[in-house]
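Worksheet: one structure, shown below.
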Amino acid sequence: MCGRYTLAAGPIYFQEYFDIDLSISQYAQSYNIAPSQTVPVIVQNDTGRIAQQMKWGLLPSWSKESKSKYQMINARVETLTEKKTFKHCLTSQRCLVPATGFYEWTTENGSKQPHYIFRPDYELFAFAGLWDVWHKQGDDEIHSFTIITTAANQYMQTIHQRMPVILDPHNFDSWLNPDNHDLNIQIETLNSNRDIELESYPVSTRVNNPRNNDADLLERLTN
DNA sequence: CCAGACGTTGTT
DNA sequence: GTCTGG
DNA sequence: CCAGACGTTGTT
DNA sequence: GTCTGG
């Protein structure tokens, strides 16, 4: 699955990769992004492609409570079209989730060993995401998102069973366009880049606590 | 029709 | 065991 | 995802 | 919002 990631690219580089104009309030680097945190995602609105701050953990617009138990951090691509929870979002509220890497854990002798996964060319990731906005009387709007997951590719299988869906820049426009309502094409896109080349190494268990957030978290663990 | 649920992951 | 907070 | 909390009462 | 169950 994908339950923790990093976004440590410089703002200029970030802007260029996603072809957006960035205001500083919409971007902050982090070495340890955990569910419930508010982070930048890329969406397309009337004015074009923009970065917008949203909370990780999809809170569907129909939720009765803002602290609903249905705050999904992931959505399985295999069952995406069957799930009523995601239907509306998949049709017209798709987003890109920018990342420079992500963490997955292996259990070794009862302890949880985190691994950092990144691209060999150190390029950014665009995870495929869905977003929604929740608004009930008296409360502020809550924009939130979920990351779509898929089965681990051959490389990732050595670490974990699942991984985030990673989109190729070639598909950004089609994925983001809210007027594209052909779900079959979107599912095809989601399955098209699974064999992307990845690299990884073990990192400190300091990653486990989301309160830790510094560049040293990315250092390769040495024994 | 209305009422009620709506999810993923890992581990056992 | 299960939920909340980060 | 992992870490950490998980409760009530009365008094200040 | 959308689907399933009764």
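Atoms considered below: every heavy atom in the structure, side chains included; atoms not considered: hydrogens, waters and symmetry mates. In what follows, chains carry the letters A, B, and so on, assigned in the order in which the sequence lines appear, proteins first and then strands, with residues in each chain numbered from 1. If you're wondering where the values come from, they're calculated on a predicted model, not measured in any experiment.
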I'd like the C1' distance from D:dT8 over to C:dG5, given in whole Å.
23 Å
Scan residues 99-114 of chain A against DNA chain D and write down, sorted by residue number, each residue with any heavy atom closer than 4.0 Å; if none is found, say none.
A:W105, A:K112
Let me see the working for A:T100 and A:Y5 under side chain to side chain donor-acceptor pair (under 3.5 Å), right down to the final yes or no.
CA-CA 8 Å; A:T100 45; A:Y5 68 95; over 6 Å; no
Quick one: which of A:I148, A:T150, A:I147 gives a side chain to side chain contact (heavy atoms under 4.5 Å, CB included) with A:P164?
A:I147
So the contacted stretch of DNA chain D, first to last nucleotide with an atom under 4.0 Å from a non-hydrogen atom of chain A, runs from D:dC1 to D:dG4
Touch check for A:T149, heavy atoms < 4.0 angstrom, all strands: base, sugar-phosphate only, or nothing?
sugar-phosphate
Out of curiosity, A:C89 SG to A:L80 CG, how far, rounded to the nearest 0.5 Å?
9.5 Å
Rounded distance in Å between the C1' positions of D:dG10 and B:dA3
44 Å
Within residues 122-134 of chain A, find the residues that approach DNA chain D with a heavy atom at under 4.0 Å, and present them sorted by residue number.
none
Contacts of A:D168 that satisfy side-chain contact (heavy atoms from CB on, under 4.5 Å) - sequence neighbours left out
A:H170, A:N171, A:N193
Got a sec, which hydrophobics cluster with A:Y103, joining ILVMFWY side chains under 4.5 Å apart, including via others?
A:Y31, A:W105, A:Y116, A:F118, A:Y122, A:Y201, A:V203, A:V207, A:L217, A:L218
What integer number of Å spans the P atoms of D:dG4 and B:dT9?
25 Å
Between A:H115 and A:T106, is any side-chain donor less than 3.5 angstrom from a side-chain acceptor?
yes
Is a side-chain donor-acceptor pair under 3.5 Å present for A:S111 with A:N109?
no
Mind checking side-chain contact (heavy atoms from CB on, under 4.5 Å) for A:A151 and listing every partner two or more places apart, or none if nothing turns up?
A:E78, A:R162, A:R194
Suppose you measure atom P in B:dT12 against the same atom in D:dC2; what distance do you get, rounded to whole Å?
13 Å
In this structure, are over 12 heavy atoms from other groups packed under 6.0 Å from A:Q154 atom CD?
no
Base, sugar-phosphate, or nothing: which does A:L58 touch, judged by heavy atoms less than 4.0 Å apart?
nothing
Heavy-atom contacts, protein to nucleotides 1-6 of chain E, under 4.0 Å, summarised as B (base), S (sugar-phosphate only) or - (none) per nt, yield BBB---
What residues form a salt bridge (Lys or Arg N to Asp or Glu O under 4.0 Å) with A:D216, not counting sequence neighbours?
none
Ignoring hydrogens, what is the shortest heavy-atom contact between A:V43 and A:R94? Give both atom names and the distance.
CG1-O, 4.3 Å
Do A:Q113 and A:T107 make a side-chain contact, defined as non-hydrogen atoms from C-beta onward lying under 4.5 Å apart?
no
Using Watson-Crick or G-U wobble pairs with both distances under 3.5 Å, give me DNA chain E in dot-bracket, 5' to 3', with [ ] for crossers and | for pairs to another strand.
||||||
Answer whether the closest heavy-atom distance between the side chains of A:P98 and A:F14 falls below 4.5 Å.
yes
Surrounding CD of A:Q53 (heavy atoms of other residues, nucleotides or ligands, distance under 6.0 Å), is the total greater than 12?
yes
Hey, can you pull the residues of residues 176-200 of chain A with a non-hydrogen atom under 4.0 angstrom from DNA chain D?
none
Counting only heavy atoms from other residues, nucleotides and ligands, does the tally under 6.0 Å from CG of A:N209 exceed 12?
yes
Can A:E123 and A:Y13 be said to form a side chain to side chain contact (heavy atoms under 4.5 Å, CB included), step by step?
CA-CA 10 Å; A:E123 190 55 272; A:Y13 198 65; 3.0 Å; yes
By side chain to side chain donor-acceptor pair (under 3.5 Å), which residues pair with A:R4, not counting sequence neighbours?
A:N32
Taking the C1' atom in each of D:dG7 and B:dC1, what is the distance between them to the nearest angstrom?
45 Å
Kindly give the cluster partners of A:I142, where membership spreads through any ILVMFWY side chain lying under 4.5 Å from a current member.
A:L59, A:W134
